[in-house]
Amino acid sequence: MKNTLCLLAALFMGEFCMAQSTNLWMGLEANIKLAKHLETKIGYEYRRDNIIGFNKSLATVQLSYELAPGVKTLIKYRNAVFPNTQSALDLKTNSISNRFACGLNISFLELFGAKSKRLVIQWTGQQQWEAFKFQRNKSILRNKFQIKYDIKNFKLTPYASTELFYSWNRDVIYGLNSISVESGMNSFRHFVGFEVELSKRQSLDVGFGMREQYLNKTKSNIIRLTYKVNLN
């Protein structure tokens, strides 16, 4: 498993070096167990374009409920603040958007009764709706696959993930007498990285990601640093 993750990381870093821009994401995340099968995740993230330019400020709250071993449902809300490209209309520097999502998370080994203390293989499907003030609202279906391995007697836990974004209203087509909306693949996002164990309840997630737009093939790099605390 360690060799597989190393190979994925090597292949990914080759693509990482070819991207056209680099973004920096810095965040905080707390997991809190509310009941036996219910937990919440609260997070904040600050994003910069090409490291020096402000991109977004994000505040997120997620609730997840365990339906069965290895199967969880989730609901999620995210508030985003970002530079206002339509400032001439309302004279405001920044604009906001509100995102609501629901989904399902499956841990395959646990689902089939083969739960491992070290290996995690997961899929997360999520439907999200995002409302903007001066832009067309978005409806996105996301599918994320992740593999993570906790190396014995070692502070690092490497992982790799890939995510597909499918837009239900990607294209607006104007005809002579009608307007139609068509769906299609929006983008892909891939990450490799590792979690550094700081203490029993605290860790630092260091990730290297790449996002590719489906239509124009534009690629951008992502460096992600997230401090995590487990309050369960």
Side-chain angles (χ1 to χ4, degrees), residues 25-47 56-80 97-131 138-150 157-168 186 188-207 209 222 224-232:
W25 297 1
M26 299 173 289
L28 304 170
E29 186 179 288
N31 288 292
I32 306 170
K33 197 174 186 69
L34 302 177
K36 184 177 181 180
H37 300 290
L38 181 66
E39 63 181 17
T40 184
K41 182 184 295 182
I42 301 172
Y44 173 79
E45 190 170 72
Y46 182 81
R47 297 180 179 180
K56 284 182 181 179
S57 175
L58 309 171
T60 305
V61 177
Q62 176 180 301
L63 283 173
S64 60
Y65 182 81
E66 186 180 39
L67 294 175
V71 181
K72 294 181 180 180
T73 60
L74 64 90
I75 57 173
K76 191 174 184 179
Y77 167 75
R78 191 189 82 172
N79 175 266
S97 68
N98 294 287
R99 175 188 293 178
F100 299 90
C102 61
L104 190 69
N105 175 272
I106 295 178
S107 295
F108 292 102
L109 296 181
E110 188 175 359
L111 176 65
F112 294 108
K115 184 178 179 180
S116 169
K117 292 183 178 180
R118 303 196 177 280
L119 177 62
V120 176
I121 303 175
Q122 290 184 333
W123 164 80
T124 303
Q126 180 177 294
Q127 171 60 43
Q128 65 186 38
W129 301 268
E130 189 164 10
K138 295 181 180 179
S139 176
I140 300 284
L141 176 65
R142 301 169 63 168
N143 283 280
K144 181 179 180 180
F145 301 88
Q146 178 173 270
I147 182 170
K148 181 163 60 174
Y149 186 73
D150 182 7
T157 300
Y159 65 83
S161 69
T162 188
E163 192 167 9
L164 293 75
F165 296 74
Y166 186 89
S167 176
W168 298 109
N186 183 276
F188 307 94
R189 191 162 69 195
H190 315 288
F191 269 98
V192 296
F194 51 87
E195 291 186 10
V196 185
E197 182 182 342
L198 303 177
S199 69
K200 187 176 180 180
R201 294 180 178 269
Q202 302 174 73
S203 64
L204 178 66
D205 185 331
V206 181
I222 302 166
R224 182 178 64 194
L225 303 172
T226 306
Y227 168 76
K228 296 182 177 182
V229 58
N230 188 347
L231 301 178
N232 295 339

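In this chain, residues are counted from 1 in sequence order. Every heavy atom of this structure was used, including side-chain atoms; hydrogens, water molecules and symmetry mates were not.
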For this session: Could you check if a side-chain atom of Val206 sits within less than 4.5 angstrom of a side-chain atom of Leu225, using non-hydrogen atoms only?
Result: yes
For this session: State, with a plain yes or no, whether a side-chain heavy atom of Phe194 is found less than 4.5 Å away from one of Val196.
Result: yes
For this session: Could you tell me which non-hydrogen atom of Glu45 sits nearest to which non-hydrogen atom of Arg47, and how far apart they are?
Result: OE1-NE, 2.8 Å
Problem set entry | Contact check, side chains of Trp129 and Cys102, non-hydrogen atoms, under 4.5 Å | yes
Exercise. Step by step, would you call Gln122 with Asn105 a side-chain contact (heavy atoms from CB on, under 4.5 Å)?
Worked result: CA-CA 7 Å; Gln122 290 184 333; Asn105 175 272; 3.9 Å; yes
Exercise. Taking side chain as C-beta onward, heavy atoms only, is Thr157 less than 4.5 Å from Lys148?
Worked result: yes
Seminar exercise, completed: dist Glu130:CD -> Lys138:NZ (nearest 0.5 Å) comes out at 6.0 Å
For this session: Answer yes or no: is there a side-chain heavy-atom contact under 4.5 Å between Leu198 and Tyr227?
Result: yes
For this session: Measure across Asn143 and Gly125 and return the closest heavy-atom pair with its distance rounded to 0.1 Å.
Result: OD1-CA, 4.2 Å
Donor-acceptor contacts, no H, no angles, side chain residues 62-75, under 3.5 Å, sequence neighbours left out:
| unit_1 | atom_1 | unit_2 | atom_2 | d |
| --- | --- | --- | --- | --- |
| Glu66 | OE1 | His37 | ND1 | 3.0 |
| Lys72 | NZ | Glu39 | OE2 | 3.4 |

Exercise. Is the closest side-chain donor-acceptor distance between Glu29 and Thr226 under 3.5 Å?
Worked result: no
Problem set entry | Full working for side-chain contact (heavy atoms from CB on, under 4.5 Å) between Ile147 and Leu119 | CA-CA 7 Å; Ile147 182 170; Leu119 177 62; 4.0 Å; yes
Exercise. Of the options Gln202, Arg201, Glu197, which is the one that meets Ser199 in a side chain to side chain donor-acceptor pair (under 3.5 Å)?
Worked result: Gln202
Exercise. Just by modelled atom types, is the Phe165 backbone N or O under 3.5 Å from a matching donor or acceptor in the Arg142 side chain?
Worked result: no
For this session: Decide side-chain contact (heavy atoms from CB on, under 4.5 Å) for Asp205 and Tyr159; before the verdict, give the C-alpha distance in whole Å, the side-chain angles of both, and the deciding distance to 0.1 Å.
Result: CA-CA 10 Å; Asp205 185 331; Tyr159 65 83; 2.6 Å; yes
Exercise. Under a 4.5 Å cut-off applied to non-hydrogen side-chain atoms, are Trp25 and Leu58 in contact?
Worked result: no
Exercise. So does Glu163 pair up with Arg189, basic N to acidic O under 4.0 Å?
Worked result: yes
For this session: Please name all residues satisfying side-chain contact (heavy atoms from CB on, under 4.5 Å) with Thr60, sequence neighbours left out, ordered by chain then number.
Result: Lys76, Arg78
Exercise. About how many Å separate CG of Asn98 and CZ of Phe100, when rounded to the nearest 0.5 Å?
Worked result: 5.5 Å
For this session: List for me each residue that meets ring-ring contact (aromatic ring centres under 6.0 Å, His included) alongside Tyr166, sequence neighbours excluded, and say none if there are none.
Result: Trp168
